[in-house]
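Step one of this worksheet: look at the structure below.
Since the structure is predicted, the reported quantities are computational estimates derived from the model, not experimental observations.
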Amino acid sequence: MGGLRRLVGPPAEIAERLRREVRDRVHLPITVGVARTKFLAKVASGVAKPDGLLVVAPDAELAFLHPLPVERLWGVGPVTAAKLRERRIRTVGEVARLGEAALVSLLGAGAGRHLHALAHNRDPRAVQVGRRRGSMGAQHALGRTPHASTELDAILAGLVDRVSRRMRAAGRSGRTVVLRLRFGDYTRATRSHTVGKATADTTPLLAAARALLRTALPEIDRRGVTLIGVSVGNLDDNPVQPELPFQPDSGSDLDAAVDAVRDRFGSAALTRAVLLGREPGVEMPLLPD
DNA sequence: TCTGGGGTCCTAGGACCC
DNA sequence: TCTGGGGTCCTAGGACCC
């Protein structure tokens, strides 16, 4: 809001105008929080939901913040809340009074210092716009029925296909392939592999994902699997390095051709044979007689 | 409250380098 | 050749957010 007061008006007025314009233009209710720090503005919007507006004046910050339950602090989820509850700490004010050293010994250096600062509304972060994604992924929940490993391979191929296409559309390439699994007992595991050269080609990404899946197969056979996911991290900001044409091991020409067809005729127009009839939305085309 | 789908950040151990 | 000190990268798990 800095510098806008004389141009547009006080923050509360800007917030009200924002709400009005969103309502008029897209017919959706929104909630706006206004405060001196980014963190407190977020808390205020959470408290004011739904369809509300809450302005926390600078001289009323701690009076507003300290009675709230610890779960309102950014970074306190079920696990941290339970740890705090064991120490009879239920409100933000009680966190603030606990002191940094005690919080660090309870939660570790990172989380402890972080929560101590937030409980005193110390948050020096500036507003950032246009932050780039660090990873791109896709996942698929499988339900409780057991799946044969051939089925898993087909699902994996579909996931890699989706992710790599999004990467190419965004002009990103990545080096680390992460396989995410959830087993029959709902515990999770990840397997990752980092390659030397960033890529957005389906073929090498799928090969890496398949290798990871193979290492996990014994575990899957024993416990069953309820979710499978793939994500690619270590994303490169640089545009994908173009390959020399006609390299035998490169799938970029194929990917480019597939992308072009799908851009024009829709994502169901072309698919991997292994996926035919499996994925919802990917159906066998109706052929004319 | 749970599930599903998409993400980020932190921590810790191990391998490796100088 | 070994030890100590400092650092990076990779892998895996876990907590959390929307």
Side-chain angles (χ1 to χ4, degrees), chain A residues 28-33 38-43 45-50 69-86 95 103-118 123 125 128 130-145 147 155-156 158-167 169-170 172 174-198 208-209 211-216 219-220 223 225-236 267 279-281:
Chain A
L28 288 174
I30 68 164
T31 296
V32 179
K38 206 154 92 168
F39 154 72
L40 197 61
K42 177 79 172 82
V43 171
S45 84
V47 168
K49 278 177 201 293
V70 287
E71 286 86 352
R72 290 285 184 186
L73 290 174
W74 213 92
V76 176
V79 175
T80 306
K83 281 186 196 167
L84 291 170
R85 217 171 18 247
E86 277 175 27
V95 172
L103 276 171
V104 166
S105 81
L106 186 64
L107 305 172
R113 279 201 280 269
H114 171 245
L115 290 192
H116 183 256
L118 292 188
D123 175 21
R125 296 173 304 155
Q128 265 186 304
R131 199 157 170 262
R132 303 209 79 184
R133 233 183 261 300
S135 69
M136 294 176 107
Q139 59 186 51
H140 186 64
L142 301 170
R144 304 282 336 212
T145 41
H147 287 257
I155 293 164
L156 191 70
L159 292 171
V160 171
D161 195 56
R162 256 158 66 194
V163 172
S164 65
R165 181 164 189 242
R166 278 170 52 208
M167 290 172 64
R172 311 290 299 275
R175 288 178 53 225
T176 304
V177 178
V178 182
L179 176 71
R180 184 184 311 276
L181 296 169
R182 192 182 62 195
F183 298 109
D185 57 4
Y186 276 71
T187 57
R188 296 152 193 278
T190 60
R191 297 284 178 276
S192 69
H193 180 67
T194 301
V195 298
K197 203 182 94 201
L212 291 170
L213 182 63
R214 272 197 300 277
T215 69
E219 188 79 356
I220 292 171
R223 307 164 67 189
V225 63
T226 56
L227 178 141
I228 181 166
V230 175
S231 76
V232 180
N234 255 321
L235 290 190
D236 218 326
S267 57
E279 290 228 317

**Prompt:** According to the Watson-Crick and G-U wobble definition with distances under 3.5 Å, which dot-bracket string, read 5' to 3', encodes DNA chain C, using [ ] for crossing pairs and | for pairs with another strand?
**Reply:** ....||||||||||||||
Is [X] touching bases, backbone alone, or none of the nucleic acid, heavy atoms closer than 4.0 Å?
X: A:Lys42; result: sugar-phosphate
X: A:Thr80; result: sugar-phosphate
X: A:Arg182; result: sugar-phosphate
X: A:Arg175; result: sugar-phosphate
X: A:Leu73; result: sugar-phosphate
X: A:Val76; result: sugar-phosphate
X: A:Ala189; result: sugar-phosphate

**Asked** Strictly by modelled atom types, are A:Thr194 and A:Arg175 linked by a side-chain donor-acceptor pair under 3.5 Å?
**Response** no
List the atom of [X], the atom of [Y], and the distance in Å for their closest heavy-atom pair.
X: A:Val163; Y: A:Met136; result: CG1-O, 3.6 Å
X: A:Leu107; Y: A:Leu115; result: CD1-CD1, 3.6 Å
X: A:Ser45; Y: A:Gly33; result: CB-N, 3.5 Å
X: A:Thr176; Y: A:Ser192; result: CG2-CB, 4.3 Å
X: A:Arg180; Y: A:Thr190; result: NH1-CG2, 4.2 Å
X: A:Ala81; Y: A:Glu71; result: CB-OE2, 3.5 Å

**Message:** I want to check something: taking the side chain as every heavy atom from C-beta on, are A:Gln139 and A:Arg182 in contact at a cut-off of under 4.5 Å?
**Reply:** no
**Request:** Check A:Asp161, A:Val230, A:Leu212 against A:Leu156 for a side chain to side chain contact (heavy atoms under 4.5 Å, CB included) and give me the one that passes.
**Result:** A:Val230
**Complete:** Closest to the 5' end of DNA chain B, once A:Thr226 and A:Ser231 are matched to their nearest nucleotides, is A:Thr226
**Start and end of the DNA chain C segment that chain A contacts, any atom under 4.0 Å from a heavy atom** = C:dC10 to C:dC18
